[in-house]
Each structure stands twice: as structure tokens, then as C-alpha cells.
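The structure appears right after this line, and notes come after that.
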Protein chains: 4
Amino acid sequence: MPASPNPLRRNESSRRAILDAALKLCAEVGYGRLTIEAIAARAGVSKKTIYRWWPSKGRVILEAVDDVATVVADYPDTGDLATDLHTQLTAVIDLLTPPDRSPVVGLIAEALHDADLAQQLRERLIRPRIAQFKERMRQAQLSGQVAADADLDLAVDLVYGPLYHRLVFHLGMPDARELESLVAYALRALGPTSSAR
Amino acid sequence: MPASPNPLRRNESSRRAILDAALKLCAEVGYGRLTIEAIAARAGVSKKTIYRWWPSKGRVILEAVDDVATVVADYPDTGDLATDLHTQLTAVIDLLTPPDRSPVVGLIAEALHDADLAQQLRERLIRPRIAQFKERMRQAQLSGQVAADADLDLAVDLVYGPLYHRLVFHLGMPDARELESLVAYALRALGPTSSAR
Amino acid sequence: MPASPNPLRRNESSRRAILDAALKLCAEVGYGRLTIEAIAARAGVSKKTIYRWWPSKGRVILEAVDDVATVVADYPDTGDLATDLHTQLTAVIDLLTPPDRSPVVGLIAEALHDADLAQQLRERLIRPRIAQFKERMRQAQLSGQVAADADLDLAVDLVYGPLYHRLVFHLGMPDARELESLVAYALRALGPTSSAR
Amino acid sequence: MPASPNPLRRNESSRRAILDAALKLCAEVGYGRLTIEAIAARAGVSKKTIYRWWPSKGRVILEAVDDVATVVADYPDTGDLATDLHTQLTAVIDLLTPPDRSPVVGLIAEALHDADLAQQLRERLIRPRIAQFKERMRQAQLSGQVAADADLDLAVDLVYGPLYHRLVFHLGMPDARELESLVAYALRALGPTSSAR
DNA sequence: GACTAACCGAGACGGTACGTCTGGTCTTTAC
DNA sequence: GTAAAGACCAGACGTACCGTCTCGGTTAGTC
């Protein structure tokens, strides 16, 4: 989705080499020490070619992550909401671990002082996944596992928020037991009211 | 609390000038564009003097924030937990707003790829506040507003997590109404079970 | 006179556009800041087309200069050698002025570290003019204005050398009076010996 | 003689390393292929340090040449002008040979489209040598080897011009015999008039 | 008159060097 | 003897051109 030059004439093999090199280097040296010079060298590509299509290293990594993530399956739906949330939270934890090597965490850090990158990150990576989550929650409302009047926007925060709180202060990701409890708390908060029973 | 040279001979007025300059510059240009060069210039101090006492700009800002935050009052306790949580959450939101000028958000971003800074941030700024929160929650357990068997570590995540989820993806901080709902959901999750009523 | 492709299919209008653009740009920005990119853009031509027919910007300019210079008249011959030398030196001075915009000076500069260009410059532009000069001098020997045993190769150096000495050190081209004196000195050096009188 | 920073605090060993590296690299790869990057790398110096003290590679080479040339002896004076001119011309020829490795020729080429460099080259390297030459010529006027009314400015051109004419068109430097003839011609031009005999 | 070779404009590509910038260290000077 | 001032090494930044290389499209000369 670059801006300036003619996308039709773009060399797809260069694009792939760049995205692959970016992810590999990020895993090797961490997002903070990642440089465009190194990406170009590793990909066997001119720096100009990177700057032609992306405005910053953040956008390169974003596209790289987006590329490998597009094949991600739909939100799990086994019928049991607690199980599905647990599954999905585990997947997110994997994406965020280890923090100093995860490209996603790198993007999060950079987005904190790059409004443009933040917007792209939100719209291209996060919004679609939030939409999937809310769709799953709507199913749960239909099946009565979640209160019909639950605010699904806040539900996102309740379910995923704990991960990010722990991430930003390096408090350690929840283990299986904690995850189970977190899901249970969230469902208790969002479940049908006692009076409805 | 520095490492190498003799702290007794330290020039306190330089220290203050540096911390003040750091916070002011952070507010002016944002944490991302903040440089040690600029801090030194603004503070009328040699770069060497900064590097002598701090290992990185993150640690300078951390100490600056810590300095102004030590005078922060205890966790509020009006007797009504929901009110107190709301008050406290509002205070935290203020610290994190606006994200591109807040020194705390800058620290969070840097800590994401600086384990040492992350540890300092956690131990010096966060842990004490978590302890205060848990203390307040224990009071609430005594008064029956919170279930006696509630896991207070997870309670932190449930209450504060939503803020950080929204922060990292630039989803916008909750407004008053959302905050109220979030507190209500959290208390419903943590409150005494219906069967206990 | 290019090397590789088929000269018969060459597009003459492209050739002209390139040579014209090259000379114009050289006059505008100077030889040093002249680039093949700019020539191509100005001529509305692909860079490939330039590289197909010329190996370097020097050769483009050389051909451009050669093109406009082929119509140059023969060496002047009024019968008075001093007058003719003066006329011809003035013409050369015009070619070399102003140094930073003259394509010929640009070629000279580049030829100083490009042996191939130097050879082309010498054989295509200079040798014919040296030959004309020597022809004129031979006339002068016949009429007794120049010693019969004068070394005409050195005569070239004596007559034209001063211009290049002044050129390379930016000492300013000789004015009319100086030119007259230079011609007089040269003729005195080369003229019939006093004893021959 | 740099402009901006404080020359008193300059690191002399860096300066020497840079000038040495520049001359060596120039001899190795030629002036045209000489780069500031390579000089910095060879000298074990930051590029910034070069740019701090010199505005261009030309000025670096100029200072390097000037440095090694300051120890050059005075103009030779054996009493016989022809001998002295021959000696001195031979020394100049050595400086200009081989053209593609000689730093002086590189400077001449660059000066042709860099007015600032040209001025420095003229004032720092050439003018003093011209002054020495004219001083020697004044001696020759006193001893009657040169006409008292000879124009010494033009004498410079007559004596040295031939070298530069041959240099710029790669016509080959004069050999010993040609040199002798050139000196003879020049002295004939400048010598006392026949009428004065 | 259609075929076909190759020249053409356009411009993306791998490279090299540019000149600038910031980070963190080391040296010099003045108080 | 401390600390300001700031020069230093290191190396990434983003840019400019280089010379090479595909692309379609046109444009000649051949059959």
C-alpha cells in the first residue's frame, strides 16, 4: 500500500526479501537495534528500494507482520467461550513473547511516539482482530453465555487489557492458571446478571 | 543512587537542573525526540556530567518522574471502592495523556526494549503503587465489597489493564462513562459471589 | 560512431535532443554538476538511450562540442602571422571562458583522470587544430617570418601553453595587451636568428 | 586554517592521520576514485572529524600537498638561468606525473569547476612559487641574462605554460631534449634584444 | 502489408558515496 | 579537582546518481 512510485512495476522478490530479512533481523538483534541499513544488506537490496516503498522501519515491520498474520485463522469458536478466549489469549501471548525480540512489541513501542505508525498498526492489525473478537462475543450473547446488554468495546479491554498491563511493566505474562482465572473473572463480569437467572 | 563516582561530592544543583530540563524538554518535543545533548544544553551542563550519573536518557526521565511523584498521596480511601478506583484511574489517565508528550509513556516505550530500564521502572514506580492498590483492596475485602478469595494480583490487571490496552493501540482513553462501566465490571468480577449473598 | 548497437536504426532526433540538453545544462549548472539523469530528463529521453550510445557524460559533451565545432573555419591566414595568432588565440580564449560553464573546460577537467576521454579529446578536437596551426606555421617559415629550423611541436606549446597555465590556476585569461606581448615573445623565440638576418 | 570550531582544541594526530591517508589513497586509487569515506576509514577517524575541519576532499588534498611541500627549497640559483629553469621544470614535471595518480593534477582538475578550491590552490600553492620564479628572474635581469624590460608575469606563462598545455591534452611531458629547447626558446624570447647587443 | 528485430521512454533495481546527525567517550581549559 | 565545553570515533540516517535491467510501445527495414 505504498504511495509514490508505480506499484505495477514493483519487484515482488525484493519485497519478500526485505520483509523476510526484517523479521529475521528483528528476531536476532531486537527491534531497537534493527536498522534499515542492516535490512538492506541482509536482503541484498538497495536502501533506496526500501525507502521507495516504506517511510520508516516501523512500516516495514508492520507490513512484514501483517503479511505473515493474514493467514491467521478466524477467531476460534468451539461453542465454549471460556475455552475460546483462553486459546486466543495464548496466541496473543505468543506474539508478545519475548518482548525484546517480538516485532509486535517493537511496533507497539515505536507507535507510542509515532502517531502515523500507531494509526496503521491500529487499523491494519488490531481493528480486524477486535472485530473478530466482538463477532465471537455476539455469538456468545446469542447463546446466553454473555449478557445481552454487555458493552463489547469494554469487553475487549477487560479480556485483553491484562496482557498489555503486564507487558508494559514487564510483570511477566500470565501462566495457564492465571489465564484461566482471568477468563473466569471476565466472564463473571460480562455474564448474565444473577437477577436474570 | 548512581553507580560509579562518589555520590557525596555530587553537585545537587546540577542534578536538579538536569531533571528539570529533561521534563521540560520532554513536554516540549516529546520523549522520542528528546536527546541527552539537548538536556545538557538546556541544563547548562556537560554531557559528561549526565553520563557520569545516569546510564541512559530513560534513567534520567525515570528519576525525574520519580522525584516529582514521590509526593503523590496515598491511595484514596473514601470507604466506597468504586469511587476510589474511579478517582485513581483518572489520575493514571492524566499521567498517560497525551501519549506523545507524557514522560511516563516515553518510559514505557523505552522499557519495552530495555530490560534494565524496565526493571527500574517496575520496582521504583510501579510496585509501590501496586502495593498501595492491593492494600486498598484488602480493606475492601474486609468490608465485604470484594470477595475474600479474590486474587489481588489479577485484580490489578483487571482494573488497570484496560488503560494500557487502549494506550498501546491508541484507542483513546476511556471517558467518564466508560470508566464507570469498567469499574462496575471489575467489581462484579471481583465482588462476593451471588451464592454468598 | 558508437560501439555496440546498430547505428542505422538510431533515432537522430533523440541524439540531437541529448546533445542539445547536455550543452544547455552544462551552461546552466556547470560541467561539474551535470548529470546523465538530468540530461535524460531534460531531453525527454531514457537514461538507457544515453548509455546505449555513449559510455560517459564526458563523451556526450565531447560529441556535442565536436558537433558545433566542426563548422569552425580554417586557421586564419592574412599573411601577417602575429595578427593571425592573435585572432586564433582570442577564439580559443572564448572557448575556455567562463571556466565553470565552458563545456571544453569541463572536458579538460574530466580528461585529467579519464585516459579514454583524454585520448578522444586529443584526437578528435585538438590534433586537427594543432595540424592547422602547424600548417599555418609552415607557411610562415616559407615567408621567412619563422625560422626554417623552428620546432613546430614546441611552437604549439609556446603559443598556446600560456593560456592553459592561466586556465588551470585561475590566473585570468590574458587581455589584449598581454596577448599582443605573448605573441611578440613567441615570434621572437621562433623567428629567424639575428645572425640569419 | 579551518573555519568553524576551535582550532586550539584540535587533535593534531587525527589531522596528520587524515592527511597521510589522503595522500596514500590518492596514490593508490587516483584522485578521481578517492572518497572521504575511504580517507576516514584508512585514517581511523570519524567522517565527522573530516567534515569538521575541511569542506571538501579537494581541501584535504590541498592541505596535504601543502604540508609536504612547505619544506621545498628555494628556487635554484646556480648563476646559469637555463640550468636553473631546467632543474625547476623537471621538478614540476615530477609533481604532475603520472597524471592519474598525482594529487596536484587531481587538484587542478577539481579546481576547474570549484572556484573556492581554485582560489586556495592559487594562493597557497602557486603564488608563492610564482613569486620565487620572478625573484630568480629579477636576478637574471641584473646579470643581463634577461632583458631589463621583460614582463615577468608573461615570463611565467612562457616558461611553465608548455607543461600545462601538454598536461591537459595528454600530449606527454617534454623529454630532456624538448625541455632544453623550450628553455632556449624562452630565453631567446626574454633575453636582451639584439639591438642591445 | 505483415513480420520481426531493435530502438525507444519509463523507471525500478543494486550499489556507492554523500553530507548530516546523534550517541557515548575522552581531552582540554578555566575556575 | 571538578566540571564546562566540546572534539572525538562510530555508524545510521535519508538522498543523489551511477550504470544495469526489464517492461510495453513504436518504428523500421525484410520477406
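Each chain gets a letter, A, B and so on, in the order the sequences are listed, and its residues count up from 1.
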Salt bridge (charged side-chain N to carboxylate O under 4.0 Å, His left out): pairs with one or both residues in residues 23-42 of chain C, sequence neighbours excluded: C:E28-C:R42, C:E37-C:K47

Any residue in residues 103-112 of chain C with a heavy atom nearer than 4.0 angstrom to DNA chain F? Just list them by number, or reply none. none

Tell me, please, which residues at least two apart from C:T49 pass side-chain contact (heavy atoms from CB on, under 4.5 Å). C:I18, C:V45, C:S46, C:R52, C:W53

For C:N11, side-chain contact (heavy atoms from CB on, under 4.5 Å) partners two or more places apart: C:S13, C:S14

Under 4.0 angstrom between B:T49 side-chain N/O and F:dA4 OP1 or OP2: yes

For A:I36, all residues meeting side-chain contact (heavy atoms from CB on, under 4.5 Å), sequence neighbours excluded: A:I50, A:Y51, A:K57

Base-contact (B) and sugar-phosphate-only (S) positions in nucleotides 13-18 of chain F, heavy-atom cut-off under 4.0 Å, - elsewhere: BBB-SB

For D:P55, which residues count as a side-chain contact (heavy atoms from CB on, under 4.5 Å) partner, sequence neighbours excluded? D:R59

Considering residues at least two apart in sequence or located in another chain, which fulfil the side chain to side chain donor-acceptor pair (under 3.5 Å) criterion with B:Q119? none

Whole angstrom value for the distance that separates C1' of E:dT28 from CG of D:N11: 11 Å

Please list every donor-acceptor pair under 3.5 Å in which a side-chain atom of residues 107-115 of chain C meets a protein atom from a residue at least two apart or in another chain.
residue	atom	partner	partner atom	Å
C:E110	OE1	C:Y31	OH	3.1
C:D114	OD1	C:D116	N	3.1
C:D114	OD1	C:L117	N	3.0

How would nucleotides 26-31 of chain F be written as a contact map, 5' to 3', with B for base contact, S for sugar-phosphate-only contact and - for no contact, using protein heavy atoms under 4.0 Å? -BB---

